Amino acid sequence: MTGPAELQVARPTVALFATCFNDTMWPQTPRAVVTLLERLGCRVVFPREQTCCGQMFTNTGYADAATPLVRRFVDVFAGADHVVSPSGSCVGSVREQHAVLARRAGDAGLEREVRSLAPRVLELSELLVDVLGVTDVGAYYPHRVTYHPTCHSLRMLGVGDKPLRLLRAVRGIDLVDLPSAEECCGFGGTFAMKNADTSIAMGADKARHVRETGAEVVVAGDNSCLAHIGGVLDRQRSGVRTVHLAQVLASTQEEQA
Amino acid sequence: MTDLPAQETSPTFLGMPSFQHAAEAALADTQQRRNLAHATATIRAKRAAAVGEVDGWEDLRLAGAAAKDEALHHLPHYLEQLEAALTARGATVHWARDADEANQVVVDLARAKATDEVVKVKSMATQEIELNEALEAAGIAAWETDLAELIVQLGEDRPSHILVPAIHRNRAEIREIFARRMGAVGRAAPDDLTDEPARLAEAARLHLREKFLRARVAVTGANFAVAETGTLVVVESEGNGRMCLTLPETLITVVGIEKVLPTFADLSTMLQLLPRSSTGERMNPYTSMWTGVTPGDGPQEVHVVLLDNGRSRVLADEAGREALRCIRCSACLNVCPVYERTGGHAYGSVYPGPIGAVLNPLLRGTSSEVDRSLPYASSLCGACFEACPVRIDIPSLLVRLRTQVVDEASGRSAEAASMKAAAWVFGDHRRLEAAQRAATLGGRLLGDRTIRSLPGLGAWTQARDVPTPPTETFRQWWARTHGDDEGDLDDARGQPVVEEQDLGGAGPHTRQEGS
């Protein structure tokens, strides 16, 4: 796998799908994606007309509300060679659910467009490893870190160990295994509200496992899961921070996340 | 002899509250949570090891799904073939549209034998139709002979797991149940019973042996029914099934119509998938197969009740029908983080866990409170799909059922109103930007303060802090640093790639700090 010394190769134009939640609540994450990709020589574009992939609607049962957002997503991103997003969950929704929604709406044309676009929509670690062919992104992050593989990245997208390969190449990092890493943290979108007690029971166990590692920072590829895990850790006054994978990878000696 | 277990609490799930409500009580039961966490972790590890030794596990899963799909897509054909094969071998086939019809068939057959008791092999189908209660109402005692079922029956409890119905009980609780209840319904437990597994098993063995040797009628389910040969199959671990299947004069098998397999060869796939998925074993200890009546050997009267009870409705549902592939292995329960914490009772049915969350609303419809709540009893983590030996995409089925629940509610809820408002905001980026201005204003007002509660977010804030909104959205930052024109995708496709010199020959400049 190539490292930063071999970066003088072809770099594509990448359209950023920031996701509505990151855009509004965690702008530092899509900013880190821009910083990172530009550092790697990519041209990043941000189509302003983008809003939301519709996942919250789809997964709560509001398919009718989600369908126009599928249309919008296709209209906004159809022209891109590569779309990247710092959310395994939203990418999962685009890749796995948009076609189902188009089909449910009886819109064969939209379904065709979705099937053409969806494979080009990638989670950050997929773009870095599979398209750019890089695992060492030249990051520097001198902290004890544990990584939570979010369910949709892991099981819906099948990113495998790509995020871990990227993290292992970060300079200064002390990466420690998270016990029961592959178990859901209990966020689950509106599940966190509709089944709050169960969600909190799951989150409490995840927080306990994070604390067992002695890590200062828990990293994941989805800010929504991190908000849930971090919400529990903060309430416990644990002192453990949550940081998105993109921010760790964008971090350098000069600029720390 | 009809000293039936007294029903202090209803064994049925009628009128169950929503999953959320039932789960609250289950979560507060710390003993049960410890029992469940220990049991599911143990069986998960065993399953992972047993599955891990199979090279072509994915191919086996595909073969299993294909065999079940073949049967389901041509169900009338295979059921008729099954009936013909069974009849030719001396069995009597009964068709039951629903629970009442099936129960009536069994009650009538038992009455015709002039008996007031039957022995039972653990069977999900007979639990689904509440056969024990129907027999009891007819004055016939139904003795469960599976150890875990015996524990549940003696404890006047409900099963909490498909494979391990007493998973929520520990050894001390089981000792107490045996000591308290066995004597009232048969051979009493010894006075010096301890909670050692061997002592508990011995007490159960002595208690059950009396019933095996006396019973003239047995009731079973079936894991599979082979259309080609008319062979019924029961897979079990304890040998109680073998006793029930061979000793009595009359054998009655209640089997869901989805249990049919086209050919005998399909069994080889299923018998590799099922034990590994359910108990984490390469093969289960007892696999019994019987094909009609064998003169002079075993039961001389064999009846098979083919049960619909909602299955043909599920089959007619193009998206839902894959749930009928289920072989009741319970792998999805054991990997489900929601099940692990709530146990099975909260699901309001004999089918708990992820498969229950889809199967119950499919079989029963979504008119009851519990069936409307079940599709939401999941974080959609996908562990169930990964574990399912016949590749039932449970998360997708859950999402589809949620859509059904929402569509049937016709937008009459506060949630529907807020979803509609949110969809309007996301319908246009300018509306989103306007909404974001309100959020960032909140962020500016709050500064660095931690949000511990927020109106309308009670369910979130009971044990979690709320992220503080930022003072600048990403798109505001983008406009400030990159300008609006950088968002144009029209020329984003087919661009010449970045040339070497664009990197300034530097690349990431932290390389020299590498350790």
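Chain A is the first sequence line, chain B the second, and so forth, proteins listed ahead of strands; every chain is numbered from 1. Note that this is a predicted model, so its numbers are computed, not measured.
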> Would you say the side-chain atoms of A:Y62 pair up with the backbone N or O of B:D407, donor to acceptor, closer than 3.5 Å?
no
> Listing request: all salt bridge (charged side-chain N to carboxylate O under 4.0 Å, His left out) pairs with a residue in residues 223-234 of chain A, at least two apart in sequence or in separate chains.
none
> Below 4.5 Å from any heavy atom of chain A, which atoms of B:V405 appear? Answer side chain, backbone, both or neither.
neither
> Heavy atoms only, distances under 4.5 angstrom: which of B:R430, B:K420, B:E24, B:E433 has the most pairs with chain A? Name it, please.
B:E433
> Heavy-atom pairs under 4.5 Å with chain A are the metric here; pick the option from B:A439, B:A422, B:A23 that has the most.
B:A422
> Do A:M25 and B:Q436 touch side chain to side chain, with heavy atoms closer than 4.5 Å?
no
> Tell me the closest heavy-atom pair linking B:Y376 and A:N195, and the distance in Å.
O-ND2, 2.9 Å
> Taking side-chain contact (heavy atoms from CB on, under 4.5 Å) as the definition, give me every residue that meets it alongside B:V399, ordered by chain and number, with sequence neighbours left out.
A:T58, A:N59, A:Q97, B:L380
> From B:S396 OG over to A:E96 CD, what is the distance, rounded to the nearest 0.5 angstrom?
7.5 Å
> Distance check, rounded to the nearest 0.5 Å: B:L398 atom CG versus A:F191 atom CZ?
11.0 Å
> For the pair A:R155 (side chain) and B:C381 (backbone), establish whether a donor and an acceptor sit closer than 3.5 Å, ignoring hydrogens and angles.
yes
> Once you round to the nearest 0.5 Å, how far does CE of A:M193 lie from CD of B:Q20?
12.5 Å
> What heavy-atom pair brings A:R48 and B:R475 nearest, and what distance separates the two atoms?
O-NH1, 2.7 Å
> Any idea which heavy atoms bring A:L69 and B:G427 closest together, and the distance?
CD2-N, 4.4 Å
> On a heavy-atom basis, which atom in B:A423 and which in A:A65 lie closest, and how many Å separate them?
CB-CB, 3.8 Å
> Given heavy-atom pairs under 4.5 angstrom as the criterion, report whether the side chain, backbone, both or neither of A:L16 touches chain B.
side chain
> I need the B:H429 NE2 to A:T51 OG1 distance, nearest 0.5 Å.
9.5 Å
> Using heavy-atom distances under 4.5 Å, tell me whether A:T60 contacts chain B through its side chain, its backbone, both, or neither.
both
> Please report the interatomic distance CZ(A:F187) to CH2(B:W460), rounded to the nearest 0.5 Å.
5.5 Å
> Do B:R464 and A:S199 meet the criterion of a side-chain donor-acceptor pair at a distance under 3.5 Å?
yes
> Under 4.5 Å, counting heavy-atom pairs only, tell me which of B:T440, B:L432, B:D428 racks up the most with chain A.
B:D428
> Give, as side chain, backbone, both or neither, the part of B:Q476 having an atom under 4.5 angstrom from any heavy atom of chain A.
neither
> Under 4.5 Å heavy-atom distance to chain B, tell me which part of A:P30 shows up: side chain, backbone, both or neither.
both
> Counting only non-hydrogen atoms closer than 4.5 Å, does B:R452 touch chain A with its backbone (N, CA, C, O), its side chain (CB onward), both, or neither?
both
> Can you give me the closest heavy-atom contact between B:M419 and A:F57, atom names plus distance?
O-CE2, 3.2 Å
> Side chain, backbone, both or neither: which part of B:A416 has an atom under 4.5 Å from a heavy atom of chain A?
both
> Within the side chain of A:R235, is there an N or O that forms a donor-acceptor pair under 3.5 Å with the backbone of B:T461?
yes
> Looking only at heavy atoms and a cut-off of under 4.5 Å, which of B:S18, B:P470, B:G382 has the most pairs with chain A?
B:P470
> Search all heavy atoms of B:L27 against all heavy atoms of A:T198 and return the closest pair with its distance.
CD1-N, 3.5 Å
> Is it the side chain or the backbone of B:L457 that comes within 4.5 Å of chain A heavy atoms, both, or neither?
both
> Which bit of B:E472 comes within less than 4.5 Å of chain A, counting heavy atoms only: side chain, backbone, both or neither?
both
> Between B:R44 and chain A, with a heavy-atom cut-off of 4.5 Å, which part of the residue counts as in contact: side chain, backbone, both or neither?
side chain
> Looking at B:R341, B:R400, B:R402, which has the largest count of heavy-atom pairs under 4.5 Å with chain A?
B:R341
> So for A:M202, is it side chain, backbone, both, or neither that comes closer than 4.5 Å to the heavy atoms of chain B?
both
> Output yes when a side-chain donor or acceptor of A:D23 lies under 3.5 Å from a complementary backbone atom of B:F474, and no otherwise.
yes
